[in-house]
Amino acid sequence: MALDELKAAVPDFAKDLKLNLGSVIGNSTLPQQQLWGTVLACAIASRSPKVLKELEPEAQANLKPEAYQAAKSAAAIMAMNNVFYRTRHLLSDPEYGTMRAGLRMNVIGNPGVEKVDFELWSLAVSAINGCGQCLDSHEQVLRKAGVERETILEAVKIASIIQAVGVTLDAEAVLAE
């Protein structure tokens, strides 16, 4: 199991990350598609080769092909949107907020999976990328669709632990050189 291999790679000084990785992903109450789509999208967003290499095969094994592609699409589109909308929000000139984005985002309207799943994956990626405007937008869509706060928070926990493991393992790899 790739999750076990990833946990084994976490150094002792980051034992909390190892424990959280096992409990947050290993004991998740999310349905399989939501769980593994979140894991895959976040592994991509973490930018950690080790994390992606270890988690992708298990995600692919647990997702239907259309969900696998949609999770990758969520990571891709949010990589663009998080930079654009975060920047527009952070610029002190409010005029930028009124200007048309002019960026294609067709996948959001037709992701190939249930809209709720794609929104959850997009929210998790937005948490990693730190875009408050995107977080608010996706959270509102999820809440209007009846998704409980606990489900949303579970996706954020997955994002946080995957990101932390990626940062830790990548730092250790650099220090070992």
| request: Determine yes or no for a side-chain-to-main-chain donor-acceptor pair under 3.5 angstrom, with Lys7 supplying the side chain and Leu17 the backbone. | output: no

| Quick one: does Thr98's side chain have a donor or acceptor within less than 3.5 Å of a partner on Glu95's backbone? | yes

| message | Just verifying a value: how many Å separate Leu6 CG and Leu21 CG, rounded to the nearest 0.5 Å? | response | 5.0 Å

| request: Have a look at Leu120 and tell me which of Val156, Thr38, Leu35 forms a side chain to side chain contact (heavy atoms under 4.5 Å, CB included) with it. | output: Thr38

| remark: With Ile162 as partner, the option from Val167, Val51, Leu52 fulfilling side chain to side chain contact (heavy atoms under 4.5 Å, CB included) is Val51

| Taking the side chain from Asp117 and the backbone from Val113, do they hold a donor-acceptor pair closer than 3.5 Å? | no

| query | Transitive ILVMFWY cluster of Leu91 at side-chain heavy atoms under 4.5 Å: who else is in it? | reply | Tyr96, Met99

| message | Quick check: do Val107 and Phe118 have side-chain heavy atoms less than 4.5 Å from each other? | response | yes

| field | Evaluation steps, side-chain contact (heavy atoms from CB on, under 4.5 Å), between Trp121 and Leu40 | value | CA-CA 9 Å; Trp121 304 337; Leu40 178 59; over 6 Å; no

| said: Would you say NZ of Lys115 has more than 12 non-hydrogen atoms from neighbouring residues, nucleotides or ligands within 6.0 angstrom? | reply: yes

| task | Grab the two heavy atoms, one from Leu169 and one from Ala9, that are nearest each other, plus how far apart they are. | result | CD2-O, 3.2 Å

| task | Locate the shortest heavy-atom distance separating Met105 from Ala101; write the atom from each residue and the value. | result | CE-CB, 4.1 Å

| said: Cys42 vs Gln163, test: side-chain contact (heavy atoms from CB on, under 4.5 Å). Steps then yes/no. | reply: CA-CA 7 Å; Cys42 289; Gln163 175 68 5; over 6 Å; no

| message | I'd like to check the side chain to side chain contact (heavy atoms under 4.5 Å, CB included) partners of Glu172; sequence neighbours left out, ordered by chain and number. | response | Pro11, Phe13, Leu175

| Listed partners of Asp170 passing side chain to side chain contact (heavy atoms under 4.5 Å, CB included), at least two apart | Ser48, Pro49

| said: If you apply the rule side-chain contact (heavy atoms from CB on, under 4.5 Å), what do you find for Asp12 with Lys18, and how did you get there? | reply: CA-CA 9 Å; Asp12 289 340; Lys18 185 183 299 199; 4.3 Å; yes

| request: Kindly check if the number of other-residue, nucleotide or ligand heavy atoms within 6.0 Å of CD (Glu114) is above 12? | output: no

| query | Does Ile128 share a hydrophobic cluster with Ile161, counting links as ILVMFWY side-chain heavy atoms below 4.5 Å and allowing steps through other members? | reply | no

| query | At what distance, to the nearest 0.5 angstrom, does CD1 of Ile108 lie from CG of Asn110? | reply | 12.0 Å

Could you list the donor-acceptor pairs under 3.5 angstrom formed by side chains in residues 59-74, with sequence neighbours left out?
residue	atom	partner	partner atom	Å
Asn62	OD1	Gln32	NE2	2.9
Asn62	ND2	Glu58	O	2.8
Tyr68	OH	Glu56	OE2	2.6
Ser73	OG	Gln69	O	3.0

Residues 134-148, side-chain donor-acceptor partners within the protein, below 3.5 Å, at least two apart:
residue	atom	partner	partner atom	Å
His138	ND1	Glu119	OE1	2.5
Arg143	NH1	Val147	O	2.8

Sequence neighbours left out, cut at 3.5 Å: what donor-acceptor pairs do the side chains of residues 76-86 make with other protein atoms?
residue	atom	partner	partner atom	Å
Asn82	OD1	Asn129	ND2	2.8
Asn82	ND2	Ser126	OG	3.0
Arg86	NH1	Asn129	O	2.3

| Donor-acceptor pair, side chain of Lys157 and main chain of Val24, under 3.5 angstrom | no

| Minimal non-hydrogen separation, Ala41 against Ala75, with atom names | O-CB, 3.7 Å

